[in-house]
Amino acid sequence: MSDSYKHSYKVGEDFLNSLSVYNVGYQKCEPEYQWGPGIRDHYCIHHILSGSGIYTTGKVSVRLSAGDTFILFPGVELQYQADKDEPWEYCWAGFMGTDAASIIRNTGFSKETPYILKGTIPEEEIRNGLDEIYQNKGNTYESSVAMAGRLYSLLAVFMHYAQRTEPEKDSHVMYVEKAMSYIETNYSYPITVEDIAYYVGISRSHLFRSFQNYMRKSPKDYLSGYRIRQACHLLRETDLSVSTIAYSVGFENNLYFSKAFRKQKGMSPSEYRRAKRKIEERDSK
């Protein structure tokens, strides 16, 4: 009888802008259990509690075992597979937000070396940090803030023990982070990609290349996605009309808003609101 298990909690869509937990959990894998090849749209830190497996991304393929920690970068193709004889058991936390890229850049993780080996950081600090995030899981705004607080503390541990010289700053990262900050502050206005590029201080084509290199999407797609996420929050939490919500998140054309919303969510704004209300009513019974 297999002793594998998986305890996973996926957070709802009330994401904080700067840093928020996307999912958190524990898993003991079946022999040769594999994820990928695939691409995540968020960061995810895995700490190995027991066993071993193979992590592969780009030209990096490495066997990792108990005590080691690896990270998944958004937009980067990867796969990881549990060992046949001693499959790994790990805990993890996935996260996203405008602070995520700059924080990870100041840890020991990099796309060239997306893992930290046992002995670099006290294991207890990593395990406790991930467990505290898990223990604060929940679908309320308070829980989101609590989990984000624990996540900041855990990432500070990785920053504290980072062994590095002053890194050469990646211009793509700097431009994208500045653009994301501008979008976060101004998404409710009818800003354009040209406005964002002007604020960052580079051409539209340069901004496009930076987003493609770092985010694997265009600045236009990122802006639209950010606005849709804010619209989802308003649809769930308020009784504002669809046209008012469209205007509130920066869409001056209600028809264009509905098309953009359906493209990302597979349903109209009104259908999304009704579906979420039904779920809330069901869960409250």
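Given the structure is predicted, the values throughout are model-derived calculations rather than measurements.
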So, using side chain to side chain contact (heavy atoms under 4.5 Å, CB included) as the criterion, who are the partners of Thr56 when residues are at least two apart? Ile54, Ser61, Gln79
Closest non-hydrogen atom pair, Val21 against Ala148: CG2-N, 4.3 Å
Can you tell me if Tyr247 has over 12 outside heavy atoms packed within less than 6.0 Å of its OH? no
Rounded distance [0.5 Å steps], CG in Leu151 versus OH in Tyr22: 15.0 Å
Would you indicate whether the side-chain heavy atoms of His42 and Phe95 approach each other to under 4.5 Å? no
In chain order, what residues pass the side chain to side chain contact (heavy atoms under 4.5 Å, CB included) check against Tyr198, with sequence neighbours excluded? none
Excluding sequence neighbours, so at least two apart, what forms salt bridge (Lys or Arg N to Asp or Glu O under 4.0 Å) with Glu271? Arg262
Can you name the nearest heavy-atom pair linking Leu154 to Leu130, along with the distance? CD2-CD2, 3.7 Å
Among Trp88, Trp92, Tyr55, which residue satisfies the side-chain contact (heavy atoms from CB on, under 4.5 Å) criterion with His46? Trp92
Just checking, Lys259 and Tyr256: is the charged tip under 6.0 Å from the six-membered ring centre and within 45° of the axis? no
What pairs with Phe257 under ring pair (Phe, Tyr, Trp, His ring centres under 6.0 Å), at least two apart in sequence or on another chain? Phe251, Phe261
Partners passing salt bridge (Lys or Arg N to Asp or Glu O under 4.0 Å) against Glu194 (at least two apart in sequence or in another chain): Arg204
Any salt bridge (charged side-chain N to carboxylate O under 4.0 Å, His left out) involving residues 208-226? Give me the pairs, sequence neighbours left out, ordered by first then second residue. none
